[in-house]
Enquirer: 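Before anything else, here's the structure in question.
Convention: sequence-line order gives letters A, B, ...; per-chain numbering from 1. Bear in mind that the values here come from a model prediction, so they are computed numbers and not experimental data.
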2 protein chains.
Amino acid sequence: MQSAKEFVEQLRPAGGRRSGKRDVIVQIFLRQEGHLAADELVELIRAEDARISRATIYRTLQWMVDAGIAQKVDFGEGRFRYEHSYRHPRHFHLICKTCNQSFEFLSSDIEALIEEIAEARRFSPRQSVLQIYGTCEDCQAGRQPERIAAPTDALFARDALRIAIATERSGLEFYTRAAALTKDARGKKVFQRLAEEEQEHLGTLERRYRQLVKADPELEAHPTFLFFKGAANGIFAAGTEELVKGVDDRQALLIGIRCERGSHKFFKRYGERFEESEGKQIFLEFADEEREHLDLLIREYRSLVERQAAGPKRR
Amino acid sequence: MQSAKEFVEQLRPAGGRRSGKRDVIVQIFLRQEGHLAADELVELIRAEDARISRATIYRTLQWMVDAGIAQKVDFGEGRFRYEHSYRHPRHFHLICKTCNQSFEFLSSDIEALIEEIAEARRFSPRQSVLQIYGTCEDCQAGRQPERIAAPTDALFARDALRIAIATERSGLEFYTRAAALTKDARGKKVFQRLAEEEQEHLGTLERRYRQLVKADPELEAHPTFLFFKGAANGIFAAGTEELVKGVDDRQALLIGIRCERGSHKFFKRYGERFEESEGKQIFLEFADEEREHLDLLIREYRSLVERQAAGPKRR
DNA sequence: ATAGATGCAAACCCTTTGCACATTA
DNA sequence: TAATGTGCAAAGGGTTTGCATCTAT
């Protein structure tokens, strides 16, 4: 796993000089979690150590943004806040206007929609900001809001596993149906084999999930961090729908190919977004698996087409 | 249709006094489209007329926000912008960092997801901000970006009709399938009748759409303003999927009820959000229609249950 | 030696405010 | 006349900058 130091080292821009003060600022900044206003960082640094001027801190923040170490965010407070990018994927925010706390979440569905919309408008998106302003659970109840810890690796792994499991289930259903509906003996066998594989993987994933929860029984009580619906399992669900409306063997294989391709792409892309972590691992492993299925289906489709082309002559 | 003057009149807070200068500011502000920074408004007012002080303009902007006439938005520029709420539903933004233009869009899908996420986190949302930063089509091509006009009523009507048509199509498919699958004679007839109605409405909507496009042939060239996918037609699509996997008559009716309820709710809620306009009209008419179907299905379901309760005795 | 980093204070931008004066109900 | 709106200038918060001074390479 990459350390914070390596992370900074790697991003340090060429031509820049090493400076003790800047290092201090960066290190203190990276130690924090959440969204720091410049002034809060000034306080932290005053407390910690040196006589570092406000200007240097502002300049270092700008430097970190340029280097990709930090991100400047605007919660509409009339000042900017900064969050670091180290082990911290792009995300969205729920912002409580009462206690001023902010809560992060991911949503592959919303990301997919944003991409579609940008595409439709021929807009090339660089960065998206989604902030939901309102009142958090604690403030609604009039309770003293407790500081929520930032989402951990384990939490991310939990949600990654949930997505993978849901997708696997949906894939299993797809292949089971496909096997039942396919007439071609060889095609049927392929679908059966894939269904069996999905079943097996499903078992593996569920075991892994239970293990994770066992290691931290509190884990399941945490609210969802990574939201998903359509983007992952919707791919197979749509395929199943088409299947069930009636298709021939060739179409069934094509639908399977489309599903696996979509699924592979989703898991690969999503996995690549994250820093080293169990969740990333899960996504990438899953992507590989889908890739194998995809290859198998493509081979099978080619074979079927060949046999069909040869077939009529014999008839 | 409500005029801008009535709009302000209606929202003018009690206890406030009429003031010529404030009126001037409000009128000039409402004449603009897009997102004005306070300073830009000051310029506009300087040019137009009076010797009105900066402070008054700031105070009036605050007054408009409190009254619900304007909305303060933050594009992360370090200053606020204001957009008026008159004939201007809640929307999201694509913001070009090159030409600094911003483009609006609606997405019922994203709104639905936001609500789900807030719900899951027990967060009570008041306002959501979604900004996609990047580069617009013109700037990507190195062209001089042309000022895009704000979406018109006709554009909104076009997209409302597209959603209604897509939903209608999906409903038609659902009822056609349901009619084919239903064994109970009376139930079959109900589904057939609904399918016929959907067919007829579909014709009406398509005629209306053609009319709209005929009135303004440019209309179809405009990019999508109201994005939708799941929220509207996905409701029936999911129903069809269930149907096709095999259900009995009673379940079929229940699925129909669920679909119509979802669809009714969606169109009603979405329609209610807008100022008087053809698009609003379309949504509300559609909601009414779905309501009728819903009632019919519920009556039919009750009847079926009764007959089934009576049936076994006769057997 | 020289480009780059730092400190200090002043400048900056956008916005709000105190206070005297003008207006409206 | 009492409450509200306006103008002016000053203050305010957050951020950036000019310039002299250091400090790494």
Enquirer: Which of residues 20-34 of chain B have a heavy atom under 4.0 Å from DNA chain D?
Expert: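 Of all residues in residues 20-34 of chain B, the ones placing a heavy atom under 4.0 Å from DNA chain D are K21(B), R22(B).
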
Enquirer: Check this for me: does any side-chain nitrogen of one of R18(A) and D23(A) sit under 4.0 Å from a carboxylate oxygen of the other?
Expert: yes

Enquirer: Below 4.0 angstrom from OP1 or OP2 of dA5(C), is there any side-chain N or O of S19(A)?
Expert: no

Enquirer: Give A37(B) one of three labels, base, sugar-phosphate or nothing, depending on what nucleic acid heavy atoms sit under 4.0 Å from its own.
Expert: nothing

Enquirer: Please state how far atom CD in Q62(A) lies from atom C1' in dA5(C), giving the value in whole angstrom units.
Expert: 15 Å

Enquirer: Looking only at side-chain atoms of F80(A), point me to the closest of dT6(D), dT15(D), dT17(D).
Expert: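 Nearest nucleotide to the side chain: dT15(D).
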
Enquirer: Can you tell me how far P of dG13(D) sits from CZ of R54(A), to the nearest Å?
Expert: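 Whole-Å distance recorded here is 11 Å.
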
Enquirer: To the nearest Å, how far apart are R18(A) CZ and dT6(C) C1'?
Expert: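 One finds 17 Å between C1' of dT6(C) and CZ of R18(A), rounded.
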
Enquirer: Check this for me, if you would: do R31(B) and E48(B) make a salt bridge, where the nitrogen-to-carboxylate-oxygen distance has to be below 4.0 angstrom?
Expert: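 Looking at E48(B) together with R31(B), the answer is yes, because their closest N to O distance falls below 4.0 Å.
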
Enquirer: Please give, in whole Å, the distance from dT15(C) P to E77(A) CD?
Expert: 15 Å

Enquirer: Between R269(B) and E115(B), does any side-chain N to carboxylate O distance fall below 4.0 Å?
Expert: yes

Enquirer: So among H84(A), H93(A), H88(A), which one has a ring-ring contact (aromatic ring centres under 6.0 Å, His included) with H35(A)?
Expert: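 Single pass found, and it is H93(A).
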
Enquirer: At under 4.0 Å, does any side-chain N or O of T56(A) touch on OP1 or OP2 of dG7(C)?
Expert: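 Yes, such a contact exists.
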
Enquirer: Between dT16(C) atom P and R79(A) atom CZ, what is the distance in whole Å?
Expert: 15 Å

Enquirer: Between K280(B) and E272(B), does any side-chain N to carboxylate O distance fall below 4.0 Å?
Expert: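 Result for this pair is no, no salt bridge flagged.
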
Enquirer: Take the protein atom CZ of R17(B) and the nucleotide atom P of dA2(D), then report the distance between them rounded to whole Å.
Expert: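 In whole Å, dA2(D) P and R17(B) CZ are 12 Å from each other.
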
Enquirer: May I have the distance from R51(A) (atom CZ) to dG7(C) (atom P), rounded to whole angstrom?
Expert: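 To the nearest whole Å, that distance equals 9 Å.
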
Enquirer: May I have the distance from R81(B) (atom CZ) to dT15(C) (atom P), rounded to whole angstrom?
Expert: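 It is 10 Å, rounded to the nearest whole Å.
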
Enquirer: Are any side-chain N or O atoms of E104(A) and backbone N or O atoms of R90(A), one a donor and one an acceptor, separated by less than 3.5 Å?
Expert: no

Enquirer: I want to check one thing: is the phosphate of dT15(C), taken as OP1 and OP2, less than 4.0 Å away from some side-chain N or O of Y58(B)?
Expert: yes

Enquirer: Salt bridge or not between R273(B) and E111(B)? Use side-chain N to carboxylate O under 4.0 Å.
Expert: yes

